[in-house]
Undergrad: 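Can you keep this structure in mind? I'll have questions shortly.
Lettering follows sequence order; numbering is per chain, from 1. Any value given below was found using the heavy atoms of this structure, including those in side chains, with hydrogens, waters and symmetry copies removed.
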Number of protein chains: 2
Amino acid sequence: MTTPSETCGTVGTGDFSCGLDATLRIISGKWKPLILFFLRDGPKRYSELKRLISGVSNKVLIQQLKDLEADLMLVRTDYKEVPPRVDYALAPLGRSLADAIVPLCTWGTDHMAEMASILAKRDTLP
Amino acid sequence: MTTPSETCGTVGTGDFSCGLDATLRIISGKWKPLILFFLRDGPKRYSELKRLISGVSNKVLIQQLKDLEADLMLVRTDYKEVPPRVDYALAPLGRSLADAIVPLCTWGTDHMAEMASILAKRDTLP
DNA sequence: CCGAATCCCACGGGATACTG
DNA sequence: CAGTATCCCGTGGGATTCGG
């Protein structure tokens with residue numbers, strides 16, 4: 001068994017109270033975890049991501065991609081063609097983070113039925 | 001190697017495009033991942049959580065605790081004493097989710113140095 | 001000590017139109 | 001196709017106060 005303090009290790013020694021803080025600052029943003037996750041199986045073009053992540057708006061997708069790029073989580077490649085062609089790929093750092101996200105997805109898949117009923121109730125009973 | 005589609009499995013068969021969606025609905029909220037994480041090593045009283053999670057406000061902490069309780073992630077116990085004593089503990093579902101969060105913390109801890117410098121730049125360069 | 005009740009607002013995010 | 005540029009808004013979240 002690992003306790004939080006064991007897992008965090010450096011509590012109070014840095015700018016972060018816990019390693020989780022650092023992670024949360026990177027993936028805070030409605031679609032960032034999904035972006036990282038979908039890029040796991042290879043580089044994707046902008047339009048592919050847009051299609052994969054249903055519900056995201058143009059502006060926000062671009063913005064979160066830029067954030068992740070600035071945070072060195074992914075690499076943007078512009079092929080300077082016409083019509084434009086650009087793709088986004090995980091940088092090494094981003095890959096490791098994406099791997100850390102996988103368990104979240106697995107959890108969601110495993111408990112999808114329960115979650116569906118729970119969230120359904122939540123939506124009907126304010 | 002696991003691809004996103006392999007990991008998600010049930011893409012398009014439910015209300016969620018991907019298992020990750022379900023998870024994100026539960027942990028969306030600035031402090032929810034931290035709450036779940038800190039409860040991993042046992043039940044905590046309200047004031048303990050408040051102290052552990054530095055920066056959270058009273059209202060929001062209560063709010064997110066209630067959300068997680070309504071989502072069956074944790075159990076609130078009121079000991080009906082005076083002065084009041086209440087604690088929060090992980091429900092089985094919450095424990096499994098908290099376990100899925102551990103890798104995020106580990107990642108943050110492992111890359112804390114890089115993150116500190118990256119985020120420092122991000123704050124100085126708008 | 002735990003939490004309910006207010007007030008308030010920045011800001012993350014959505015919709016739309018336009019450009020190279 | 002891959003963005004940029006605006007406008008706009010809901011709400012998540014912060015500060016403070018009060019109550020049992």
Side-chain angles (χ1 to χ4, degrees), chain A residues 17 20-21 23-36 38-39 42-71 73-89 119 122-123 125-126, chain B residues 17 20-21 23-36 38-39 43-71 73-89 119 122-123 126:
Chain A
S17 68
L20 190 48
D21 284 8
T23 308
L24 293 176
R25 293 198 202 176
I26 301 295
I27 63 174
S28 78
K30 195 166 177 181
W31 312 98
K32 287 183 189 176
L34 285 166
I35 293 172
L36 290 167
F38 281 126
L39 286 179
K44 296 259 180 301
R45 301 184 57 162
Y46 172 80
S47 47
E48 294 183 276
L49 287 171
K50 180 89 192 288
R51 191 164 25 78
L52 283 169
I53 304 176
S54 91
V56 70
S57 75
N58 172 336
K59 174 191 136 188
V60 177
L61 180 52
I62 289 287
Q63 205 235 305
Q64 310 215 345
L65 285 168
K66 284 174 112 166
D67 285 351
L68 290 172
E69 189 192 1
D71 289 340
M73 294 301 138
L74 47 82
V75 176
R76 190 185 99 112
T77 307
D78 185 340
Y79 292 93
K80 312 275 188 190
E81 300 175 352
V82 294
R85 182 170 140 244
V86 169
D87 66 30
Y88 296 88
L119 294 174
R122 244 163 99 49
D123 290 342
L125 324 173
Chain B
S17 69
L20 190 47
D21 284 8
T23 308
L24 293 176
R25 294 197 202 176
I26 301 294
I27 63 174
S28 78
K30 195 167 176 182
W31 313 97
K32 287 183 187 175
L34 285 166
I35 293 172
L36 290 168
F38 280 127
L39 286 180
K44 298 260 180 298
R45 301 184 54 163
Y46 172 81
S47 49
E48 294 183 276
L49 287 171
K50 180 89 193 286
R51 190 166 25 77
L52 283 169
I53 305 175
S54 91
V56 70
S57 75
N58 166 338
K59 174 191 136 186
V60 179
L61 180 53
I62 289 286
Q63 161 77 42
Q64 311 215 345
L65 285 169
K66 285 175 106 167
D67 285 352
L68 290 171
E69 190 193 0
D71 290 341
M73 295 300 138
L74 48 82
V75 176
R76 189 186 99 110
T77 306
D78 185 342
Y79 292 92
K80 313 276 188 188
E81 299 175 355
V82 293
R85 183 170 140 243
V86 168
D87 66 30
Y88 296 87
L119 295 174
R122 242 162 99 48
D123 289 343

Undergrad: Distance check needed: C:dG13 C1' versus A:Lys50 NZ, whole Å only.
TA: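 Interatomic distance, NZ of A:Lys50 to C1' of C:dG13: 14 Å.
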Undergrad: Measuring from atom CG of B:Leu36 to atom CG of B:Leu68, what distance do you get when rounded to the nearest 0.5 angstrom?
TA: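 Atom-to-atom, B:Leu36:CG and B:Leu68:CG are 5.0 Å apart.
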Undergrad: When you measure from the side chain of B:Ser47, which nucleotide among D:dG3, C:dC1, C:dA4 comes out closest?
TA: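 Closest nucleotide among those given: C:dC1.
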Undergrad: Which part of the nucleic acid does A:Gln64 contact within heavy-atom distance under 4.0 Å: base, sugar-phosphate only, or nothing?
TA: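 If one applies the 4.0 Å heavy-atom cut-off, A:Gln64 turns out to touch the sugar-phosphate alone, with no base involved.
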Undergrad: Mind calculating the distance between CG (A:Leu49) and P (D:dC1) to the nearest angstrom?
TA: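 Distance check: A:Leu49 CG to D:dC1 P gives 14 Å.
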Undergrad: Measuring from atom OH of A:Tyr88 to atom CG of A:Leu65, what distance do you get when rounded to the nearest 0.5 angstrom?
TA: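 Rounded to the nearest 0.5 Å, the OH-CG separation comes out at 5.0 Å.
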Undergrad: How long is the line joining CD1 of A:Ile53 and P of D:dA2, in whole Å?
TA: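 That distance rounds to 14 Å.
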Undergrad: I need the residues from residues 79-89 of chain B with at least one non-hydrogen atom less than 4.0 Å from DNA chain D; give them sorted by number, or say none.
TA: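 Heavy-atom cutoff 4.0 Å gives B:Pro84.
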Undergrad: What I want to find out is whether A:Arg85 reaches A:Asp87 closely enough, with some N-O distance under 4.0 Å, to be called a salt bridge.
TA: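 So A:Arg85 does not pair with A:Asp87 through a salt bridge.
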Undergrad: Any side-chain heavy-atom pair from B:Val86 and B:Tyr46 closer than 4.5 angstrom?
TA: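 Result no, sub-4.5 Å side-chain heavy-atom pair not found.
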Undergrad: Do the non-hydrogen side-chain atoms of A:Lys32 and A:Asp67 ever get within less than 4.5 Å of each other?
TA: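 Side chain of A:Lys32 against side chain of A:Asp67, heavy atoms only: contact under 4.5 Å found.
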Undergrad: Report the distance from atom CG of A:Leu61 to atom P of D:dT4, rounded to the nearest whole Å.
TA: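 Going from CG in A:Leu61 over to P in D:dT4 covers 11 Å.
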Undergrad: Does D:dC1 have OP1 or OP2 sitting under 4.0 Å from an N or O in the side chain of A:Arg45?
TA: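 The answer is no; no side-chain N or O of A:Arg45 sits under 4.0 Å from OP1 or OP2.
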Undergrad: Could you state the atom-to-atom distance from CD1 of A:Ile62 to P of C:dT19 in whole Å?
TA: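 After rounding, the reported distance stands at 18 Å.
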Undergrad: Hey, could you give me the CD1/CG distance between B:Ile26 and A:Leu119, rounded to the nearest 0.5 Å?
TA: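 Atom-to-atom, B:Ile26:CD1 and A:Leu119:CG are 4.5 Å apart.
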Undergrad: For D:dG3, does either OP1 or OP2 sit under 4.0 Å from a side-chain N or O belonging to A:Lys66?
TA: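 Negative; the distance criterion is not met.
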Undergrad: Expressed in angstrom and rounded to an integer, what is the separation of A:Asp67 atom CG from C:dG13 atom C1'?
TA: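 Rounded to the whole Å, the gap is 12 Å.
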Undergrad: Expressed in angstrom and rounded to an integer, what is the separation of B:Ile35 atom CD1 from D:dG13 atom C1'?
TA: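 Going from B:Ile35 (CD1) to D:dG13 (C1'), I get 13 Å.
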Undergrad: Using a 4.0 Å heavy-atom cut-off, does B:Lys32 contact any base of the nucleic acid, only the sugar-phosphate backbone, or nothing at all?
TA: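 B:Lys32: no heavy atom of the nucleic acid under 4.0 Å.
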Undergrad: How long is the line joining CZ of A:Arg25 and C1' of C:dG12, in whole Å?
TA: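 Distance check: A:Arg25 CZ to C:dG12 C1' gives 18 Å.
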Undergrad: With the side chain counted from C-beta on, respond yes when B:Leu24 and A:Pro33 share a heavy-atom pair under 4.5 Å apart, and no when they do not.
TA: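 The answer is yes; the side chains approach within 4.5 Å.
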Undergrad: Could you list the protein-to-nucleotides 14-16 of chain D atom pairs, N/O on both sides, closer than 3.5 Å?
TA:
residue	atom	partner	partner atom	Å
D:dG14	OP1	B:Lys30	NZ	3.0
D:dG14	OP2	B:Trp31	NE1	3.4
D:dG14	O6	B:Lys59	NZ	2.3

Undergrad: To the nearest 0.5 Å, what is the distance between CG (A:Leu52) and CD1 (A:Ile35)?
TA: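 Interatomic distance, A:Leu52 CG to A:Ile35 CD1, rounded to 0.5 Å: 11.0 Å.
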Undergrad: Mind running side chain to side chain contact (heavy atoms under 4.5 Å, CB included) on A:Leu34 and A:Leu49 for me, showing each step along the way?
TA: CA-CA 9 Å; A:Leu34 285 166; A:Leu49 287 171; over 6 Å; no
